[in-house]
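Taking it in order: structure first as structure tokens, then the write-up.
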Amino acid sequence: LLQLVGANASAVASGQDPVNYGQWMYHQAFGCVVYAAIAYGLIFLIRGKERLRDRGQMRQMLTERLAAMGSVSRDEVKGLGVLIVAMTGFLLAPMLKLDGGFVFALLAMVYFLPGVNLMTAADLRRLDMPFVIFLTACISIGIVAQNMGIDKALAGILLPLLEGQGETMTLISSYFTGVAVNFILTPMAAMSALCQPMAQLAADLGVSPQAMLYTFGYGLDQYIFPY
């Protein structure tokens with residue numbers, strides 16, 4: 001979703017139509033498959049001393065765990081139905097000229113409606129507010145950075161460095177910029193603060209803004225030290 005936000009910022013910067021969820025999935029398909037293959041390969045290369053049980057024991061254990069969970073409850077069916085409707089609405093939001101974020105805002109309301117009753121006022125009171133405040137603060141960091149002009153200052157620093165470097169080098173630099181920014185900002189803050197100037201920088205350099213933001217987003221996914 002962070003990359004989708006960045007892709008839409010790049011579309012705005014380059015005068016193109018915003019990217020919808022389906023287009024974003026299409027753009028990411030090949031890279032995600034390769035990325036997942038490498039990740040699963042590393043699991044087999046860097047594994048600890050513990051070993052999984054043999055296939056027969058594993059199947060028996062999973063069968064027992066599944067039986068212990070019991071049959072699917074009515075609330076679980078309703079929850080699944082609401083999520084399917086929400087995802088469908090999110091995918092169709094661009095066609096309906098709606099903001100996809102409102103779909104999930106409405107989803108939270110639906111859980112409290114009579115007949116659905118998946119959540120109550122007591123559940124709302126148990127909401128982990130510090131986590132909500134943390135997410136809001138992460139995004140606010142980016143907004144503050146924009147108001148202070150830090151985003152434009154960064155773009156001004158990077159433009160002379162990347163001019164004449166070619167498309168490949170520019171995208172590699174975008175990736176490592178994301179890695180470096182992770183030491184200063186959270187990924188959400190970095191996207192909200194830097195996606196617009198990065199997209200504009202790509203447009204100034206004659207590079208695809210979407211490719212610039214995608215590689216920047218992949219850089220934000222990398223962690224060198226425990227967070």
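Every residue meeting the salt bridge (Lys or Arg N to Asp or Glu O under 4.0 Å) condition with R126, not counting sequence neighbours, appears here in chain and number order: D123. Applying the side chain to side chain contact (heavy atoms under 4.5 Å, CB included) rule to Y35 yields the partners D221, Q222; only residues at least two apart in sequence or on another chain are considered.
Considering every non-hydrogen atom in both Y111 and G79, the closest pair reads OH-O, 3.9 Å. Considering every non-hydrogen atom in both L220 and P187, the closest pair reads CD1-O, 3.9 Å. Across every non-hydrogen atom of L118 and K78, the tightest pair is CD1-C, 4.1 Å. Taking all atoms of both residues into account, the shortest heavy-atom contact from S71 to E76 is O-OE1, 4.4 Å. Counting all heavy atoms, side chain and backbone alike, A190 lies closest to V181 at CB-CG1, 3.6 Å. Listed here is the closest heavy atom pair of V207 and E167: CG1-CG, 3.9 Å.
Contact of the Y175 side chain with the F216 side chain is not registered, since no non-hydrogen atoms from C-beta on lie closer than 4.5 Å.
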Q.
For a side chain to side chain contact (heavy atoms under 4.5 Å, CB included) check, start with the C-alpha distance between L66 and L62, then their side-chain angles and the critical distance, and finish with the verdict.
A. CA-CA 6 Å; L66 183 62; L62 292 176; over 6 Å; no
Q: With side chain to side chain contact (heavy atoms under 4.5 Å, CB included) as the test, would you mind laying out the steps for M109 and L106 before giving the verdict?
A: CA-CA 5 Å; M109 297 171 59; L106 291 171; 4.1 Å; yes
Q: Start with the C-alpha gap between T120 and F112, add the side-chain angles, then the distance that decides, and say whether side chain to side chain contact (heavy atoms under 4.5 Å, CB included) holds.
A: CA-CA 6 Å; T120 65; F112 291 92; 5.6 Å; no
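Taken together through direct or relayed side-chain contacts under 4.5 Å among Ile, Leu, Val, Met, Phe, Trp and Tyr, M119 and V77 form parts of separate hydrophobic clusters. V116 and L80 fall into different hydrophobic clusters, defined by Ile, Leu, Val, Met, Phe, Trp and Tyr side-chain heavy atoms under 4.5 Å apart, directly or through other members. Note on I38: it clusters hydrophobically with F30, by side-chain heavy-atom contacts below 4.5 Å among ILVMFWY residues. Transitive grouping of hydrophobic side chains (ILVMFWY, heavy atoms separated by less than 4.5 Å) brings M87 and L83 into a common cluster.
Judged by distance alone, with hydrogens and angles left aside, the side-chain atoms of T88 form a donor-acceptor pair with the main-chain N or O of I84 at under 3.5 Å. In this structure, the side chain of S174 engages the main chain of M212 through a donor-acceptor pair within 3.5 Å.
In this structure, CD1 on I172 lies 9.5 Å from OG1 on T215, to the nearest 0.5 angstrom.
Residue F176 qualifies as open at atom CZ: its count of foreign heavy atoms under 6.0 Å is 12 or below.
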